[in-house]
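Shown below is the structure under consideration.
Residues take their numbers from the sequence shown, with the count starting at 1.
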Amino acid sequence: MVKTEKRTETNKSFAGAHSLMIEDRERMTLAGVTEVSGFSESAVSLKTLCGALMIKGKNLTISRLNTETGELFVSGEITSVQYFKDSRKKGSLLEGLFK
């Protein structure tokens with residue numbers, strides 16, 4: 001079964017920091033979520049105050065999303081969590097070439 005991807009933007013007026021807590025690789029609580037870009041049973045793609053984040057696993061579900069506080073709760077078998085560099089921070093072209 002394939003779930004359709006949905007795009008949800010949260011209310012960006014909340015103040016707070018980004019945090020992530022994983023319990024027994026089955027439950028994840030996140031704070032500082034600004035947007036859920038897409039989700040399926042095997043992946044959740046989102047944006048946080050610290051950049052883009054990809055959560056991969058099996059039987060993933062978003063059990064709760066609070067758009068006012070930026071809190072997100074994910075459950076399922078979590079196999080990986082990966083942050084991606086924030087593309088909004090731009091340096092010079094030469095600076096990027098020599099890193």
Query raised in the report: Is the backbone N or O of A31 less than 3.5 Å from a side-chain atom of H18, with the two atoms forming a donor-acceptor pair by type?
Result: yes
Query raised in the report: How many angstroms lie between atom SG of C50 and atom CZ of F84, to the nearest 0.5 angstrom?
Result: 15.0 Å
Query raised in the report: Taking the side chain as C-beta and beyond, is there a heavy-atom pair between L20 and T29 under 4.5 Å?
Result: no
Query raised in the report: What residues, two or more places apart in sequence or in another chain, satisfy side chain to side chain donor-acceptor pair (under 3.5 Å) together with N59?
Result: none
**Report entry** Verdict with reasoning, E41 to L60, per side chain to side chain contact (heavy atoms under 4.5 Å, CB included)
**Finding:** CA-CA 5 Å; E41 287 184 345; L60 298 177; 5.7 Å; no
**Report entry** Residue pair L53 / V33, side-chain heavy-atom distance below 4.5 Å
**Finding:** no
Report summary line: Across all chains, not counting sequence neighbours, the salt bridge (charged side-chain N to carboxylate O under 4.0 Å, His left out) partners of R64 are none
Report summary line: Hits for side chain to side chain donor-acceptor pair (under 3.5 Å) against S19, two or more places apart or cross-chain, chain-then-number order -> none
Requested in this report: Could I get the full list of side chain to side chain donor-acceptor pair (under 3.5 Å) partners for R25, not counting sequence neighbours?
Outcome: none
Report task. Answer whether the closest heavy-atom distance between the side chains of L46 and I55 falls below 4.5 Å. Result -> yes
Query raised in the report: Nearest 0.5 Å, what's the OG-NZ distance between S42 and K58?
Result: 10.5 Å
**Report entry** Point-to-point distance, once rounded to the nearest 0.5 Å, from CG of L72 to OG1 of T34
**Finding:** 11.0 Å
Query - Sidechain-backbone polar pair: N66 side chain, E68 backbone, donor-acceptor under 3.5 Å - result: yes
Would you be so kind as to tabulate the donor-acceptor pairs closer than 3.5 Å made by side chains of residues 73-81, with sequence neighbours excluded?
from: S75; atom 1: OG; to: T61; atom 2: OG1; distance (Å): 2.8
from: T79; atom 1: OG1; to: K56; atom 2: O; distance (Å): 3.1

